[in-house]
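A quick write-up on the structure given underneath.
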Amino acid sequence: MRKQLMIDENCFLLLSVGELNKNKNHEIIIRSLFYLKDYDIQYAICGKGPLKESLVRLADELGVRDKVHFLGFRQDVKKIYVSADAYVFPSLREGLSVALMEAMASSLPVICSGIRGNVDLIQQERGGILIQNNDSKHYIEAILKMYMDDSFRVECGKFNKEYIKKYDINITKKSMRKIYSEIK
């Protein structure tokens, strides 16, 4: 998949899936890459939206345009999850994110904002790293930890794959049936 997307097969690939808007906060990861220039880290974003041109401009201005891949809206995102090394989800506001659950089901370790929805899914230091404020320093540290600590990254991915099973549609339907049957 990386070859098809023209992404270096040997780099450490961060992935985000979501619309290119202010709320998804892709900018903080692009800014973080500026401080990680000496590392073989690249960032792929699946999604389209109103901020694409400004995010491209930011990557150009910071000299990291060659490390950021704007993949647009994709129908094959499942294959892209599998080709990534870590999932980054720096949103400022979320519900229970389907994209985050898909990343977890794909055995990806996660770096995400410590907001509602995300904290319900990601267990700190078990499934990934929750960032409690919108500070690029903390994202940089988290990215470096994932990059440098293979065993941590692999264990987080394994944990996520198991943990997310409780949100399986069949389990959710069964739980909802039980709730509705108890209502008199």
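- Within the 3.5 Å criterion, the main-chain N or O of Gly127 finds a donor-acceptor partner in the side chain of Asn160.
- Close placement of the Tyr39 and Tyr147 rings is indicated, their centers lying within 6.0 Å of each other.
- At a threshold of 4.5 Å between side-chain heavy atoms, the hydrophobic network of Ile, Leu, Val, Met, Phe, Trp and Tyr places Val64 and Leu20 in one connected group.
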Derivation and outcome, salt bridge (Lys or Arg N to Asp or Glu O under 4.0 Å), residues Glu61 and Arg31:
CA-CA 10 Å; Glu61 289 167 7; Arg31 289 189 182 282; over 6 Å; no
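- The CZ atom of Arg116 lies 9.5 Å from the CG atom of Leu96; values are rounded to the nearest 0.5 Å.
- Between atom OH of residue Tyr87 and atom CG of residue Leu108 there is a gap of 9.0 Å, rounded to the nearest 0.5 Å.
- Tyr43 does not carry Lys67 over the face of its six-membered ring by the limits of under 6.0 Å from the centre and within 45° of the normal.
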Show, in sequence, the C-alpha distance, side-chain angles and deciding distance for Glu19 and Lys52, and conclude whether the salt bridge (Lys or Arg N to Asp or Glu O under 4.0 Å) test is met.
CA-CA 9 Å; Glu19 185 178 357; Lys52 181 178 181 191; over 6 Å; no
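- Panel note: side chain Gln124, backbone Leu130; a donor-acceptor pair is recorded below 3.5 Å.
- In this structure a side-chain-to-backbone donor-acceptor pair under 3.5 Å is missing from Arg2 to Ile7.
- In this structure a side-chain-to-backbone donor-acceptor pair under 3.5 Å is present from Asp149 to Phe152.
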Go through it in stages, so that I can follow the logic: the residues are Asp76 and Arg74, the test is salt bridge (Lys or Arg N to Asp or Glu O under 4.0 Å), and I'd like the CA-CA distance, side-chain angles, deciding distance and then a yes or no.
CA-CA 5 Å; Asp76 58 352; Arg74 306 291 301 206; 2.9 Å; yes
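- When each of Ser113, Ser91, Ser97 is checked for a side chain to side chain donor-acceptor pair (under 3.5 Å) with Asn118, only Ser113 meets the rule.
- Nearest heavy atom pair, residue Ala105 against residue Lys161, reads O-NZ, 3.6 Å.
- Within 6.0 Å of atom NZ in Lys37, more than 12 heavy atoms from other residues, nucleotides or ligands are found, so the atom counts as buried in its surroundings.
- Counted within 6.0 Å of OH on Tyr35, heavy atoms from surrounding residues, nucleotides or ligands total 12 or fewer; the atom is thus considered open.
- The residue from Val88, Ile140, Asn134, Leu92 that alone fulfils the side chain to side chain contact (heavy atoms under 4.5 Å, CB included) condition with Ile28 is Asn134.
- Cluster membership check: Ile111 does not share its hydrophobic cluster with Ile80, using side-chain heavy-atom separations under 4.5 Å among Ile, Leu, Val, Met, Phe, Trp and Tyr.
- Note that the NZ atom of Lys173 and the CG atom of Asp168 stand 9.5 Å from one another [nearest 0.5 Å].
- The CG atom of Leu58 sits 12.5 Å away from atom CD of Glu53, with the distance rounded to the nearest 0.5 Å.
- Hydrophobic clustering (ILVMFWY, side-chain heavy atoms < 4.5 Å, transitive): Val17 and Phe70 are in distinct clusters.
- To the nearest 0.5 Å, the span separating CZ on Arg126 from CZ on Phe159 amounts to 4.0 Å.
- Remark: side-chain polar atoms of Arg65 are not paired, donor with acceptor, to backbone N or O of Val56 under 3.5 angstrom.
- Under the 4.5 Å side-chain heavy-atom criterion for Ile, Leu, Val, Met, Phe, Trp and Tyr, Phe89 and Ile29 are members of distinct hydrophobic clusters.
- No continuous path of hydrophobic side-chain contacts links Phe73 to Val98 [ILVMFWY only; heavy atoms under 4.5 Å].
- Taken from CG in Leu5 to CD in Gln42, the straight-line distance is 11.0 Å, to the nearest 0.5 Å.
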Before giving the answer on salt bridge (Lys or Arg N to Asp or Glu O under 4.0 Å), spell out for Glu141 and Lys145 the whole-Å C-alpha distance, their side-chain angles and the decisive distance to 0.1 Å.
CA-CA 6 Å; Glu141 290 169 354; Lys145 180 171 176 107; over 6 Å; no
